[in-house]
S.K.: 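Provided herewith is a single structure, encoded as structure tokens, for subsequent inquiry.
Lettering follows sequence order; numbering is per chain, from 1. Scope of the values below: all heavy atoms of this structure, side chains included, with no hydrogens, waters or symmetry mates. Being a predicted model, the structure only gives us computed values, none of them experimental.
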Amino acid sequence: MDYFEGLNEPQRQAVQHLEGPLMIVAGAGSGKTRVLTTRIAHLIHEGVDPFHILALTFTNKAAREMKERVENILGSTEARNLYIGTFHSVFARILRIEGPQLGYPSNFTIYDTDDSKSLLKTIIQEQNLDDKHYKPSLVYNRISAAKNSLIGPLDYAEDPQVQQEDSRSGRPATGNLYGLYAKRCFRNGAMDFDDLLYQMYLLLKKVPAVLHKYQHKFRYILIDEFQDTNPAQYEIIRMLGAVYENICVVGDDAQSIYSFRGATIQNILQFRKDYEDTLVVKLEQNYRSTKSILHAANEVITHNKTQIEKALWTENGEGEKIRLVRTMTDNEEGRSVADSITELRLRHHFANRDFAILYRTNAQSRSFEENLRRMNIPYRIYGGISFYQRKEIKDFLGYLRLIVNSRDEESLRRIINFPPRGIGKTTMEKLTLMANDRDIPLFEAMKEAGSAGIRGGTLEAIGKFILMIRSLQTQLERQNAYEVAMQVFRSTGLIKELVHDKSVEGVARYENMEELLNSIKEFTETPTGDGELLDKSLGSYLQQITLLTDADQEGEDADTVKLMTIHAAKGLEFPCVFVGGLEEALFPNAMATGTREGLEEERRLFYVAITRAKTRLSLSYANTRYHFGNLQQNDPSRFLEEIPEKYLQKNFTTAYPGRFHPGRAPLGPEALVPLKPASGGQRSAPGAPAARGSDRAFAPDDPSLMEAGNEVEHQKFGYGRILRIEGAAGSRMATILFPEAGGEKRILLGYARLRLLKSGTPAGAGPAGPSPGSCPEGGSSNP
DNA sequence: TCGGAAATGTTTTTT
DNA sequence: ACATTTCCGA
């Protein structure tokens with residue numbers, strides 16, 4: 001039982017508590033995953049059959065990691081039989097088996113958000129409602145929220161409060177749309193993301209036999225990221241665990257950042273009410289971050305009113321101060337981060353994979369991306385559009401989905417005229433009318449196109465299309481996913497469509513198709529099926545991929561800088577973390593600042609961002625930023641004021657153009673730190689390094705001129721004196737004393753951008769701004 | 001029915 | 001700034 005080795009007391013307590021409800025309040029970086037995996041190992045070691053253990057996570061990645069770590073302790077033979085997965089994927093698997101008891105086909109289609117919105121748009125238009133007012137995404141959000149709170153279409157229509165909300169927003173028909181949408185999904189043999197929870201709930205509630213089956217199958221239940229569960233998830237867990245009550249939940253209220261998805265911290269309180277004999281264990285020792293980082297995070301979170309009492313501490317060292325960087329533009333922010341990465345790599349031998357750049361919104365990735373590319377720093381962006389959401393991929397998947405489930409109207413609409421085969425809008429309208437009239441799937445309606453008044457060439461084209469789909473369907477039983485996919489690729493004319501397009505995007509699309517086909521091939525050739533039967537059918541493949549996200553793509557361990565939203569970074573850690581865009585309206589985001597709850601969630605998000613960092617953290621904000629194509633001015637984020645000065649080191653590499661006059665004293669820190677100018681509450685520490693004159697672009701001098709004893713100026717470290725120089729001509733390393741930047745720094749002269757102070761004052765530093773050519777980076781201005 | 005041009009919305013976060 | 005949607009003529 002050497003797996004107990006190295007656990008601290010509360011961790012050991014959590015691992016050893018095998019029977020009965022357990023709540024682990026796990027602060028950031030407190031070894032939560034280790035406790036969970038060790039606990040699973042311990043359960044099995046104590047004789048619990050792995051088949052009886054269910055572990056639910058929020059991301060596939062977390063599930064995979066957990067499984068791997070249990071395997072490392074126990075070996076893969078036992079661990080293979082564990083049921084570990086995301087809520088959505090585990091429930092999808094169960095629904096695939098039990099779904100027919102609710103009237104769904106076992107090969108039901110999973111609609112992603114785009115599919116759902118598209119179907120809603122169709123329905124809104126069919127109801128003769130204005131889709132400008134009844135925006136599909138708004139309606140979708142309402143329906144999603146309802147399902148996550150276990151409110152069905154009927155409850156929705158009867159709930160006076162809900163009804164009032166909809167009338168007040170001018171969308172009283174929302175409830176009606178919900179009903180139609182639910183019916184339509186059912187008719188299409190499809191479930192959306194929320195259905196995977198809601199239908200699972202209905203299944204357990206309506207079919208006692210199924211409930212009993214899984215209650216006895218899952219005798220030990222573990223829930224990760226419990227603070228992110230919504231009422232639907234809570235209720236499912238409660239029902240599944242009702243017999244044995246061996247429910248272990250792990251969470252941290254300070255990291256609850258998914259309320260927009262229906263998650264509620266209430267679940268934490270409810271849990272303790274529902275299970276009075278719950279053992280509560282707090283993990284408060286942080287093993288991840290330096291003192292500076294952890295203490296800053298602790299300070300920030302105290303500004304929230306609602307939180308569970310806990311005190312995170314660490315034995316780790318003080319570490320570097322948190323760097324605070326202000327730039328003039330978003331592009332400069334990107335450049336500053338790219339510069340810092342290069343510098344840290346060279347001076348401290350960090351690898352690319354040690355860096356993460358985090359931001360509030362996906363749109364912010366751009367400036368970072370451009371600058372990393374310019375500096376030849378390999379990077380990978382997570383989030384944004386996932387591979388499977390690309391148009392060409394979805395088109396192809398549309399065929400596959402239709403073949404597997406011909407009731408799926410969304411897929412049918414997507415591909416019916418792609419490539420063009422002369423079946424247009426008018427025809428589809430006629431068919432839709434008939435389908436709705438008889439309440440039959442669209443594909444069935446097509447079979448009787450003649451009686452919908454469709455004649456001639458169009459009728460013929462429909463006949464041909466149906467024949468093609470049918471003949472592909474006959475392949476399903478005999479052939480695996482890859483074989484069917486290849487057949488589809490060849491026989492549908494998609495291959496011609498793609499080969500035809502010789503544009504840059506066209507070639508990229510072709511390559512994406514190749515990648516998709518390769519992934520299908522890989523799927524059919526991989527022997528293990530996630531503990532399940534070796535089902536290599538197309539249906540099995542499709543079931544999986546809809547629930548994959550961008551983070552699940554391979555290339556995990558590649559040596560790249562990682563870019564992602566803070567949401568996507570939850571659960572991860574990096575030696576060096578950059579958090580960008582710390583500006584009012586962006587972070588905290590304007591959408592959230594209206595309510596206390598909203599603002600506090602933003603603050604928790606900031607807390608999550610800070611606590612991702614192990615040793616180095618850099619925060620940045622830009623004075624101006626492009627938003628919808630026009631320049632916006634932003635104040636620094638209020639969150640920056642919540643970090644005590646003593647943890648901060650301010651590095652303002654960019655001053656206002658034209659304000660600096662050589663020869664005069666450098667601008668005082670106050671002038672450069674316009675944090676809430678009115679309140680005047682924010683002041684730089686007296687010894688903080690002042691920004692240097694970089695109004696005109698900072699023009700470094702030829703490094704070969706540098707000698708020991710010279711006085712130099714560095715853009716970030718200020719004035720310094722070269723103490724000594726070592727190394728050959730190509731790689732001379734200088735040790736320079738920068739009194740204002742905290743002491744000696746070792747700098748590679750070939751890389752460093754230093755100015756020789758005695759070489760005179762450069763001319764042309766007038767108010768006109770940077771003189772052309774003086775900036776080696778090109779001063780990249782946005783036209 | 002189809003293709004290109006004009007207009008319009010998008011960005012808060014995700015399974 | 002960009003992508004998607006809508007509009008319009010062939």
S.K.: Residues two or more places apart in sequence or in another chain: which of them pass salt bridge (charged side-chain N to carboxylate O under 4.0 Å, His left out) with A:E573?
M.R.: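 Applying salt bridge (charged side-chain N to carboxylate O under 4.0 Å, His left out) to A:E573 gives A:R288, A:K614.
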S.K.: Is any side-chain N or O of A:T113 under 3.5 Å from a base N or O of B:dT15, one able to act as donor and the other as acceptor?
M.R.: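 Flag set: donor-acceptor pair detected.
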S.K.: Taking atom types as modelled, is there a side-chain donor on A:S367 or A:Y626 under 3.5 Å from an acceptor on the other?
M.R.: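 Absent: no donor and acceptor within the cut-off.
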S.K.: Would you mind reading off the distance between A:Y626 atom OH and C:dC2 atom P, rounded to a whole angstrom?
M.R.: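 Rounded to whole Å, this separation is 12 Å.
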S.K.: Sugar-phosphate atoms are those with a prime plus P, OP1 and OP2; base atoms are the rest. Using that split, label each nucleotide of nucleotides 1-11 of chain B B, S or - for protein heavy atoms under 4.0 Å, 5' to 3'.
M.R.: SS------SBB
S.K.: Counting side-chain heavy atoms from CB outward, which of B:dT14, B:dT15, C:dT6 is closest to A:F193?
M.R.: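 Nearest to the side-chain atoms of A:F193, counting from C-beta on, is B:dT15.
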S.K.: In whole Å, I'd like the distance from the CD atom of A:E584 to the P atom of B:dT12.
M.R.: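 In whole Å, B:dT12 P and A:E584 CD are 16 Å from each other.
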S.K.: Report the distance from atom NZ of A:K117 to atom C1' of C:dT4, rounded to the nearest whole Å.
M.R.: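 Rounded to whole Å, this separation is 14 Å.
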S.K.: On the 0 to 90° scale, with breaks at 30° and 60°, tag the A:F587-A:F606 ring pair as parallel, tilted or perpendicular.
M.R.: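 Rings of A:F587 and A:F606: perpendicular, over 60°.
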S.K.: Quote, to the nearest angstrom, the P distance that separates B:dT11 from C:dT6.
M.R.: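 Pairwise P distance, B:dT11 against C:dT6, rounds to 16 Å.
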S.K.: How far, in whole Å, is C:dT4 from B:dT13 if one measures between their P atoms?
M.R.: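 16 Å, rounded to whole Å.
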S.K.: For A:K121 and C:dT4, what is the distance between atoms NZ and C1' respectively, to the nearest whole Å?
M.R.: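 It is 9 Å, rounded to the nearest whole Å.
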S.K.: Do A:Y541 and A:S519 get their side chains close enough for a donor-acceptor pair, meaning under 3.5 Å?
M.R.: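 Side-chain D/A pair, A:Y541 to A:S519: present.
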S.K.: Who are the side chain to side chain donor-acceptor pair (under 3.5 Å) partners of A:T361, not counting sequence neighbours?
M.R.: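 Only A:Q364 meet the side chain to side chain donor-acceptor pair (under 3.5 Å) criterion with A:T361.
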S.K.: If only side-chain N and O atoms of A:T565 are considered, is one of them under 4.0 Å from the OP1 or OP2 phosphate oxygen of B:dT14?
M.R.: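 Affirmative; the distance criterion is met.
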S.K.: A:R360 has an atom CZ; how far is it from atom C1' of B:dT14, in whole Å?
M.R.: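 Nearest whole value for this atom pair: 12 Å.
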S.K.: Please tell me whether A:E410 and A:N188 have a donor and an acceptor in their side chains that are separated by less than 3.5 angstrom.
M.R.: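 There is no such pair (donor and acceptor under 3.5 Å, judged by atom type) between the side chains of A:E410 and A:N188.
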S.K.: Compare the ring of A:F260 with the six-membered ring in the base of B:dT13 and state whether they stack (centres under 5.5 Å, planes under 30°).
M.R.: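 The base of B:dT13 is stacked with A:F260 (centres under 5.5 Å, planes under 30°).
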S.K.: What's the gap between C:dT5 and B:dT12 when it is taken at their C1' atoms, as a whole Å value?
M.R.: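 Per the computed distance, 23 Å lies between those C1' atoms.
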S.K.: When you measure from the centre of the six-membered ring of A:Y382, is the NZ or CZ of A:R380 under 6.0 Å away and within 45° of the axis?
M.R.: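 That pair qualifies as a cation-pi contact.
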S.K.: Return the value, rounded to whole Å, for the distance between atom CD1 of A:I110 and atom C1' of B:dT14.
M.R.: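 Computing the A:I110:CD1 to B:dT14:C1' distance gives 15 Å.
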S.K.: Does B:dT14 have OP1 or OP2 under 4.0 Å away from a side-chain N or O of A:N362?
M.R.: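 Yes.
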S.K.: Separation of A:M564 atom CE from B:dT15 atom P, in whole Å?
M.R.: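 Taking CE of A:M564 and P of B:dT15, I get 12 Å after rounding.
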S.K.: Take the protein atom CD of A:Q227 and the nucleotide atom C1' of B:dT13, then report the distance between them rounded to whole Å.
M.R.: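 To the nearest whole Å, that distance equals 15 Å.
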S.K.: Any base atoms under 4.0 Å from A:F587, or only sugar-phosphate, or nothing? Heavy atoms, all strands.
M.R.: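 Nothing, no nucleic acid heavy atom in range.
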